[in-house]
2 protein chains.
Amino acid sequence: MKSARSVKVDRRPLDWRAADVLREQILSGKLVPGQRITEAALAAQLEVSRGTLRAALRSLAHEGLIEQVAYTKWRLPELSNGDAWELYTLRGMLEGMAAHLAAQHRTQDCVVTLTAAFERLVTAVASRRHARVAEADLALHKTIVAITGHQRLIDQYHLLEQQVCHYIVHSNALIMDLNQIVSEHEPIVRAIIAGDAVKAERLARAHNAPEVERAAAAMAQEQVEPATEPPIRTTRSKQRPKAATRARKAA
Amino acid sequence: MKSARSVKVDRRPLDWRAADVLREQILSGKLVPGQRITEAALAAQLEVSRGTLRAALRSLAHEGLIEQVAYTKWRLPELSNGDAWELYTLRGMLEGMAAHLAAQHRTQDCVVTLTAAFERLVTAVASRRHARVAEADLALHKTIVAITGHQRLIDQYHLLEQQVCHYIVHSNALIMDLNQIVSEHEPIVRAIIAGDAVKAERLARAHNAPEVERAAAAMAQEQVEPATEPPIRTTRSKQRPKAATRARKAA
DNA sequence: AGATTGGCGATTGTCAACAATCCGCTTGAC
DNA sequence: GTCAAGCGGATTGTTGACAATCGCCAATCT
């Protein structure tokens, strides 16, 4: 309803648009974790040159949605329980910080925006449609982050959110109690509006605790019964080895 | 002393190495904020093709060390007091989280590594050489992050640290009281070793508070006397507009 | 005089050919 | 039978040429 004015021509570079398409495919589950990706095939499918597609893949790699093994291949990461633990602990921290800042620096506009987002969640729950609830849930959290005006926090949260979505899509962890959704979010919103930064932070952080514990429990379970495979090492850590400490020396 | 074995040939792709060189140039202050960068000139200087250099620039852009204005130019960002506030608030949060996790999941190895890093800081202070102290200071914080084993936290902190270095280099904010350095870090290290996660987190977060307040005060000062320029907007926020919420719809 | 339009130079965006690298397999020796 | 060396195919890395776009400046019109 509000998109009528913003569909101009899309002058953005081709690789950004290609990255958008791939992001959507990954986040929608069209591409499955572990799947190998070849540049030539994807480039042909999207009808762009290999160089352009390459730039798009690099973007996604920086966002953590894809992995690169140099000289060898591209691959969608397989998100383990350990990854889930990392994602949710980080998310809890960022959302806690966002709630804290939001409560501290709230303005009239912020309160209005936040209230509206919360109302949409309530409406979604009333509709009993899980997809809409999930969307409104994410939107509410995103709103809390957005009203802080902390651009780097917003960017960080955006990247993390994408990975969380990627994880959710491939772990059928969508089960949620519709009746609890509202009562779980309401205190956070109230604390922010009331300006109680410490309480808002504590609540927002606690909001992620169940998922953190579930992931931790699943990890412990794996230790006991390593039936599937030895621990899967993501190549993420090898992408940029030792580069920051050396830079200091030149200063 | 330990680099003898790791200088093999460096088979990493050329664009990664080019990115390393540029990173070092930026972090060492060789390139100044606001400076324009043209692909052709830099490519010629580094003796790589434009496409390769382009990939390197894109990497740095993702790391926040450089900005791109599509179809127009590349530019080194000018870090305002607002940026400093963002950097140090985020850093405080990440370091707080790291200290918390480090205290929780500490092992024998962790304690040894941490103690060694702290000892190096003490030695550096004793030498009265500011550069060495600054290096050891950063290294200690990095160690706290590293021993958490939280790969995503480590990556995030690394990116943030680079931007902090970039800021420090261009804001002559290196003044520090050598006598306070040790007494400021010791409680944090002790709390981690003692396993007091809550205390460690609180101390680590408080450690960044002075810089946060300084930046906030400077921002307030700007508001009163906008002698220089109207607020500088980084183009960072415009790089990737509205892309995540839409992706949800497809799910 | 002021505003608008068109062209010009510089810079970035895109592409397709060429080179370098890796993985799996065969081949051969011991 | 086992292991190592080497070959072949597939895939990524790199490059230079070509196309698209932008900002600026001058010429033109009102």
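Treat the numbers as computed from the prediction; the structure is a model and nothing was measured. Residue numbers begin at 1 in each chain, while the letters A, B, ... track the order of the sequences.
In this view, A:Asn81 and A:Glu222 satisfy the side chain to side chain donor-acceptor pair (under 3.5 Å) rule, not counting sequence neighbours. When the side-chain contact (heavy atoms from CB on, under 4.5 Å) test is applied to A:Val21, the partners found at least two apart in sequence or on another chain are A:Gln25, A:Leu46. In terms of the side chain to side chain donor-acceptor pair (under 3.5 Å) criterion, A:Thr143 has no residue partners (sequence neighbours excluded). Residues passing the side chain to side chain donor-acceptor pair (under 3.5 Å) test with B:Arg58, sequence neighbours excluded: A:Asp15. For A:Arg91, the side-chain contact (heavy atoms from CB on, under 4.5 Å) partners at least two apart in sequence or on another chain are A:Tyr88, A:Glu95, A:Leu138, A:Tyr157, A:Leu160, A:Val164, A:Asn208. Scanning for side-chain contact (heavy atoms from CB on, under 4.5 Å) contacts around B:Leu14 gives B:Arg17, B:Val48, B:Thr52, with sequence neighbours left out. The side chain to side chain donor-acceptor pair (under 3.5 Å) check on B:Asp137 picks up B:His141, B:His185, with sequence neighbours excluded.
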Exercise. Just by protein heavy atoms under 4.0 Å, how would nucleotides 14-19 of chain C read 5' to 3' in B, S and -?
Worked result: BB----
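Five base pairs at each end of the helix from C:dA1-D:dT30 to C:dC30-D:dG1 define two local axes, and these are offset by 10° (rounded to 10°).
Rounded to a whole Å, the CD1 atom of B:Ile66 is 14 Å from the C1' atom of C:dT12.
For DNA chain D, the contact window with chain A, defined by any atom under 4.0 Å from a protein heavy atom, covers D:dT11 to D:dC22 in 5' to 3' order.
Using a 3.5 Å distance cut-off with no hydrogens or angles, the side chains of A:His158 and A:Gln162 do pair a donor with an acceptor. Side-chain N/O atoms of B:Gln156 and A:Gln156 include a donor and acceptor closer than 3.5 Å. No side-chain donor-acceptor contact under 3.5 Å links A:Glu86 and B:Gln151.
Residues in residues 36-46 of chain A take part in these salt bridge (Lys or Arg N to Asp or Glu O under 4.0 Å) pairs, two or more places apart or across chains: A:Glu39-A:Arg50, A:Glu39-A:Arg54.
Ring geometry for A:His150 against B:Trp85 counts as tilted: the plane angle lies between 30° and 60°, on a 0 to 90° scale.
In summary, B:Arg214 and B:Glu211 engage in a salt bridge, as defined by a charged side-chain N under 4.0 Å from a carboxylate O.
Remark: A:Arg36, A:Ile37, A:Thr38, A:Glu39 in residues 34-46 of chain A come within less than 4.0 Å of DNA chain D through at least one heavy atom.
OP1 or OP2 of C:dT11 has not a single side-chain nitrogen or oxygen of B:Gln68 nearer than 4.0 Å.
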